[in-house]
Amino acid sequence: MNIGIVCYPTYGGSGVVATELGKALATRGHQVHFITYAQPMRLDRFQDNLFYHEVEIPNYPLFEFQLYSLSLASKIADVARFENLDIIHAHYAIPHAVSAFLACQILGEDSKLKTVTTLHGTDITLIGLDPGFLPLVRFSIEKSDAVTAVSRFLAEKTKTGFNVKREISVINNFVDTELYSRQPCTPFKRQIAPNNEKILMHISNFRPVKRVADTIHIFAKVLEKVPSKLVLVGDGPDRVECERLSREIGISDHVRFLGKQSALPELLSSADLFLLPSQSESFGLSALEAMSCGVPVVATSMGGIPEVIVHGENGYIAELGDIERMAKYAVELLTNGKKWQVFSEKARERAVSEFRTDLIVPQYEELYQSVINK
Ligand code: GMT
């Protein structure tokens with residue numbers, strides 16, 4: 001198939017899933033065309049069957065705000081025409097699904113282009129519900145030839161929040177379990193924890209919804225009982241405030257902010273525990289990548305997290321903001337080697353048996369084919 005993918009190229013779950021999907025589809029012989037305003041984060045190596053088309057946004061003094069959605073629609077229409085696309089797959093509804101719809105309108109009735117929209121999270125649970133966007137998001141969902149959500153939670157939330165009746169298929173996120181597998185004691189581990197301290201890790205885009213400050217408070221409690229280090233990977237609006245917080249509570253010598261990193265399998269292989277105290281999480285891809293590296297996760301029970309983490313088996317789940325409990329769970333795992341080993345193995349097992357690439361990507365292929373055949 002000839003597949004166009006539209007996504008955010010930035011450090012965020014939807015862009016990561018879109019890019020990993022594109023790479024996997026290209027490996028399986030499809031022609032995959034990324035259409036976005038910058039090279040997606042994880043599209044950093046040449047691969048056969050993969051193409052990147054940059055959306056240029058003309059600057060004109062009359063436009064106080066750049067018209068990205070419209071430039072994107074024109075570009076999708078162009079790429080669809082010249083590359084003979086069968087499918088345009090929009091990741092994150094705003095504005096991608098709307099631009100995809102507009103591109104189809106530009107191409108006209110004779111065009112064979114079909115649209116698939118994947119809903120990822122905040123496009124439904126947060127910003128998409130804003131009255132300024134809600135009618136547009138609902139419209140784009142109704143008009144897509146097929147819609148998927150990354151968890152059962154998100155599919156339900158879409159139906160109730162947007163009052164849509166159409167079918168929404170659940171296709172879970174996935175992980176390359178060969179790449180994301182535990183490596184033996186890494187140079188990174190020796191540097192960060194020279195005295196064999198335990199390593200707690202958090203990876204995110206540091207948006208308020210991730211509650212990174214809770215991560216720091218949880219760690220402060222763990223540190224009272226277990227010699228440990230906290231490693232924070234990623235960057236975003238709350239990072240500076242979290243740096244300040246760790247200084248203020250006097251634990252900054254034990255906390256490392258690494259910023260955006262690409263060697264995630266190596267970093268995760270050094271971790272003993274992953275913390276995800278999010279306020280909202282439609283799936284929790286970072287938790288899945290940690291689990292694939294044999295890292296148990298302590299998280300909140302929000303959104304789709306319980307569809308990924310099995311409480312008491314491969315991680316622990318607590319109420320939003322229950323720092324005491326999350327710290328208690330963390331200490332329990334970090335001080336009981338046998339229990340940690342069982343949780344670590346179960347985490348890896350779940351990633352491999354439920355969420356590995358070759359289980360999930362064929363579900364997208366089937367969906368594309370059914371939409372094309374319609
Ligand atoms: O808002 C974010 O945290 C990023 C967001 C995105 O769409 O870029 O991530 C969402 O999509 C990921 C991939 O499907 C999911 O794993 C995340 O749970 C989800 N984030 C939220 O729901 C907050």
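Counting convention: from 1, in listed order, for ligands and their atoms alike.
- Shortest non-hydrogen contact noted between K23 and R42 is NZ-O, 2.9 Å.
- Applying the 4.0 Å criterion to heavy atoms of G121 picks out, from ligand 1, the atoms 22 (O).
- Here D123 has no heavy atoms under 4.0 Å from ligand 1, in either its backbone or its side chain.
- Y52 and H33 have their aromatic ring centers separated by at least 6.0 angstrom.
- Between the side chains of Y92 and T122, at least one donor-acceptor pair of N or O atoms lies under 3.5 Å.
- The shortest side-chain heavy-atom distance between F283 and L154 does not fall under the 4.5 Å cut-off.
- Looking at heavy atoms from C-beta onward, T148 lies in side-chain contact with Y364 at the 4.5 angstrom threshold.
- Residue nearest to atom 19 (C) of ligand 1, selected from G236, G13, S282: S282 (by heavy-atom distance).
- Atom numbering of ligand 1 starts at 1 in the shown order; those under 4.0 Å from a heavy atom of S14 are 6 (C), 7 (O), 8 (O), 11 (O), 13 (C).
- Close approach to G12 involves these atoms of ligand 1, each under 4.0 Å from a residue heavy atom: 8 (O).
- Once rounded to the nearest 0.5 Å, the distance linking OH of Y316 with NE2 of H311 reads 7.0 Å.
- Scanning the protein heavy atoms around atom 16 (O) of ligand 1, the nearest turns out to be L285 N, 3.0 Å.
- By heavy-atom distance, the residue among L288, T122, N205 lying nearest atom 4 (C) of ligand 1 is N205.
- Between V150 and ligand 1, no N or O atom pair is found at a separation short of 3.5 Å.
- Remark: ligand 1 and V17 share no N or O pair separated by less than 3.5 Å (distance only, no angle test).
- For Q105, the CD atom is densely surrounded, since the number of other residues' heavy atoms within 6.0 Å is greater than 12.
- Going from atom CG of L119 over to atom OG of S14 covers 11.0 Å, rounded to the nearest 0.5 Å.
- Residue contacts with ligand 1 leave out H91, since none of its heavy atoms falls under 4.0 Å from the ligand.
- Assignment of T125 to the shell around ligand 1 is not supported, since no heavy atom sits closer than 4.0 Å.
- For atom 2 (C) of ligand 1, the closest non-hydrogen atom on the protein side is R207 NH1, 3.3 Å.
- Those atoms of ligand 1 that come under 4.0 Å of a heavy atom in F283, given as number and element, are 16 (O), 18 (O).
- When all heavy atoms of L113 and D145 are compared, the closest pair comes out as O-OD2, 4.5 Å.
- Enclosure of atom NZ in K346 is not indicated, since only 12 or fewer non-hydrogen atoms of other residues, nucleotides or ligands lie within 6.0 angstrom.
- Close approach of ligand 1 to K210 is summarised as follows: ligand atoms under 4.0 Å from at least one heavy atom of the residue are 3 (O).
- Checked by distance only, ligand 1 and G284 come closer than 3.5 Å through their nitrogen or oxygen atoms.
- In this structure, atom 23 (C) of ligand 1 lies nearest to the protein heavy atom S280 O, 3.2 Å.
- No N or O atom of Y92 sits closer than 3.5 Å to an N or O atom of ligand 1.
- When only interatomic distances are considered, the shortest N/O to N/O separation between H120 and ligand 1 falls below 3.5 Å.
- Here the heavy atom of the protein found nearest to atom 17 (C) of ligand 1 is E281 OE2, 3.2 Å.
- Counting heavy atoms from C-beta on, the side chains of I171 and I360 come closer than 4.5 Å.
- Within the 4.5 Å cutoff, the side chain of F188 has heavy atoms near those of the L267 side chain.
- For ligand 1, one of its N or O atoms has an N or O atom of N173 under 3.5 Å away.
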